[in-house]
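Some notes on the structure that comes next.
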Amino acid sequence: HAKHEGRGRAEMYSAALALEAADRADLERDLMLALQRDEFILEFQAQIDVANGSAVAAEALVRWAHPDRDLVMPGSFVPVAEESGVIVALGDWVMDRVCETAARWAAMGITQRIAINISTRELSQADFFLRLRHAIATHQTPPTMLELEISESLAMEMEPRILEQLAALRRDGVRVAMDDFGTGYSNLSRLKELPVDRVKIDRSLVRDITTSAEARTICSAVVGLIQGLGLEVVVEGIESEAQMDMLRVIGCTQFQGYHLARPTGEQAYLDRFGGLLDSAEPDAKGRVLFLRQPD
Ligand code: C2E
Ligand code: MG
Ligand code: MG
Ligand code: MG
C-alpha cells in the first residue's frame, strides 16, 4: 500500500513546478518534515582533470531518501524549496554536511575540494556568509577544501555586498565557480569583473558538439574566451568519449559527467577516487586509472 502511494507521490513531486498552491504547501511541509527526520543525503560526483588523471573536486548533490520512495532528485524539490524559503534550512544542512565531510577528507590526506551548490535565495540572505563561516569554524574545515557553485544568471546580477564577501572568501582559500554557464544571458564582458576562479560550461552547450560544426565553433569560442580571461574551464554533462576527445582538441582538460562517473554515496566515491593521488598512472591501454570502470 505504501509503495503504491509512494509512486503517486513521486509523480506528484516530479511535476512540482506545475503544482497547485495547495499541493505546493504539502510539499513545503513535507520538505521541512524531511529535514527534521534527517531524510536528505548527499551524493558526490567527480570533476576530473585528464591532464594529470586525478579528481580535482567532488560536487555535492542533495537527494531526498524518502523511506517509501525511490531517491527523489533535486530538480523535483529544490525549485519549491527556493520559492518557499525552505532552501535556507536545507542549504544550512548541506553546508554543515559538506564542511564536516571536507574536514574529514582533509584529515585523511585527501586534497580534493568539495563543491557546494548555492541558490539565489540562499546567497541573498543577509547572514549567508556568517552561516557559512560558522559551519567552517564548527568543523575546522580548511577553506581550500571548499568550492561554491553559483549559477550564471545569479552571478551576473550580484550586489556589491555579495561580491565583496565572495572576494573575501576567495582570499581565505575558498574557490568560486560559475555554474551552468551558457544557459543564462551570458554577459561575457562581465565575467572578468566577477570574483570567480572557474567556469562550469553547461551540458546544453556541449550536447551536440560531435554532430554539429556550429555547436563546436560556439563551444570553442566560449572556452577560448574564458581561458583568455585566466579562468579555469570545467565542462559538465560529458556522456561520451567522443565528446571528451573533441573538447580536449578545443583545449579543455577538466570534465564532469556520467561518462566519467555518476554521482554516488560518499563511501563509493572514496573507494574510486579517494586514493588516486599516488596512483594516477596509465594502465596497459595507456588510460589513467580513474577511467577504468568498477567491475
Ligand atoms: P548542477 O549544479 O548543474 O548539477 C549538475 C547536474 O547534472 C546534477 O543533477 C548531475 O547529477 C547531473 N549530471 C552530471 N553529469 C551528467 C551527465 O553526464 N548527463 C546528464 N544528463 N546529467 C548529468 P542533479 O543531482 O539532479 O541536480 C540538479 C540540480 O539541482 C543541480 O544542477 C543544482 O542546480 C541543484 N542542486 C543539487 N544539489 C543542490 C544543493 O545541495 N543545493 C542547491 N541549492 N541546489 C542543488
Ligand atoms: Mg552545480
Ligand atoms: Mg551545472
Ligand atoms: Mg544545473
Side-chain angles (χ1 to χ4, degrees), residues 10 13-14 16-17 31 34-35 39-48 55 57-65 70-102 113-125 128 131-132 135 146-155 175-184 186 196 198-210 233-244 247 254-266 269:
Y13 291 135
S14 70
L17 281 173
L31 287 172
L35 264 175
E39 289 174 356
F40 290 100
I41 60 159
L42 291 181
E43 287 193 324
F44 300 88
Q45 188 182 28
Q47 295 175 12
I48 287 159
E59 178 172 6
L61 296 159
V62 72
R63 280 95 179 78
W64 180 3
D70 290 340
L71 220 51
V72 186
M73 302 306 273
S76 310
F77 61 87
V78 162
V80 173
E82 281 180 16
E83 280 174 35
S84 62
V86 174
I87 194 70
V88 176
L90 179 59
D92 274 348
W93 180 85
V94 173
M95 225 145 60
D96 182 76
R97 287 298 82 219
V98 165
C99 286
E100 187 274 328
T101 306
R113 301 183 296 276
I114 303 184
I116 171 171
N117 290 285
I118 309 292
S119 353
T120 318
R121 184 75 178 253
E122 291 175 79
L123 204 61
S124 61
Q125 297 283 307
F128 170 78
R131 286 185 287 109
L132 175 57
L146 299 177
E147 179 162 322
L148 305 184
E149 293 194 4
I150 295 163
S151 86
E152 177 194 4
S153 51
L154 172 61
R175 301 276 217 116
V176 179
M178 184 182 292
D179 204 354
D180 306 327
F181 192 81
T183 56
S186 306
V196 297
R198 48 208 319 244
V199 175
K200 297 187 73 179
I201 296 189
D202 195 72
R203 187 166 70 92
S204 57
L205 222 68
V206 299
R207 196 167 35 212
D208 302 328
I209 53 165
T210 56
V233 172
V234 190
V235 187
E236 288 193 279
I238 299 295
E239 293 182 349
S240 73
E241 192 77 23
Q243 262 179 332
M244 203 162 69
L247 286 159
Q254 297 190 42
F255 303 108
Q256 178 178 352
Y258 295 165
H259 176 64
L260 292 163
R262 286 181 179 265
T264 58
E266 182 187 354
Y269 183 89

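Counting starts at 1 for both ligands and their atoms, following the listed order. The first residue of the sequence shown is numbered 1, and numbering continues consecutively from there. No experiment lies behind these values; they were computed from the predicted model shown.
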*For Phe128, is the NZ or CZ atom of Arg131 found under 6.0 angstrom from the centre of its six-membered ring and inside 45 degrees of the ring axis?*
no

Which atoms form the tightest heavy-atom contact between [X] and [Y], and what is the distance?
X: Gln45; Y: Tyr269; answer: C-CE1, 4.0 Å
X: Ala46; Y: Gln256; answer: O-CG, 3.5 Å
X: Leu260; Y: Phe255; answer: CD1-CB, 3.4 Å
X: Thr183; Y: Ser204; answer: CG2-OG, 3.9 Å
X: Ile87; Y: Glu122; answer: CG1-OE2, 3.8 Å

Applying a heavy-atom cut-off of 4.0 Å, say which part of [X] lies close to ligand 1: side chain, backbone, both or neither.
X: Ile116; value: neither
X: Ser119; value: both
X: Val94; value: side chain
X: Glu236; value: side chain

Within-shell test, [X] vs ligand 1, heavy atom, strictly < 4.0 Å:
X: Arg203; answer: yes
X: Gly91; answer: no
X: Gly237; answer: yes
X: Arg63; answer: yes
X: Glu59; answer: yes

*Using 2.8 Å as a strict upper limit, say whether an N, O or S atom of Asn117 approaches the Mg ion (ligand 2) that closely.*
yes

Taking 4.0 angstrom as the limit and counting only heavy atoms of [X], give me the atoms of ligand 1 inside it, by number and element.
X: Pro263; result: 11 (O)
X: Pro74; result: 24 (P), 25 (O), 26 (O), 27 (O), 28 (C), 30 (O), 37 (C)
X: Ile238; result: 18 (O)
X: Gly257; result: 15 (N), 18 (O)
X: Glu122; result: 44 (N)

[X]-ligand 1 polar pair, N/O distance under 3.5 Å:
X: Gln45; answer: yes
X: Glu82; answer: no
X: Asp179; answer: yes
X: Ile118; answer: no

*What atom name does the N, O or S atom of Glu149 nearest to the Mg ion (ligand 2) carry?*
OE1

_From the N, O or S atoms in Glu59, identify the one nearest to the Mg ion (ligand 2)._
OE2

_Suppose we only count N/O/S atoms under 2.8 Å; would Glu236 qualify as near the Mg ion (ligand 3)?_
yes

*Find out whether Phe77 and Val62 are in side-chain contact, i.e. whether some heavy atom of one side chain is under 4.5 Å from a heavy atom of the other.*
yes

*Out of Arg207, Glu239, Met73, indicate the one that has the non-hydrogen atom closest to atom 20 (C) of ligand 1.*
Glu239

*Degrees at the Mg ion (ligand 3) between the OD1 atom of Asp179 and the OD1 atom of Asp180, nearest 10°*: 90°

_Salt bridge present between Arg121 and Glu82 (N-O < 4.0 angstrom)_ = no

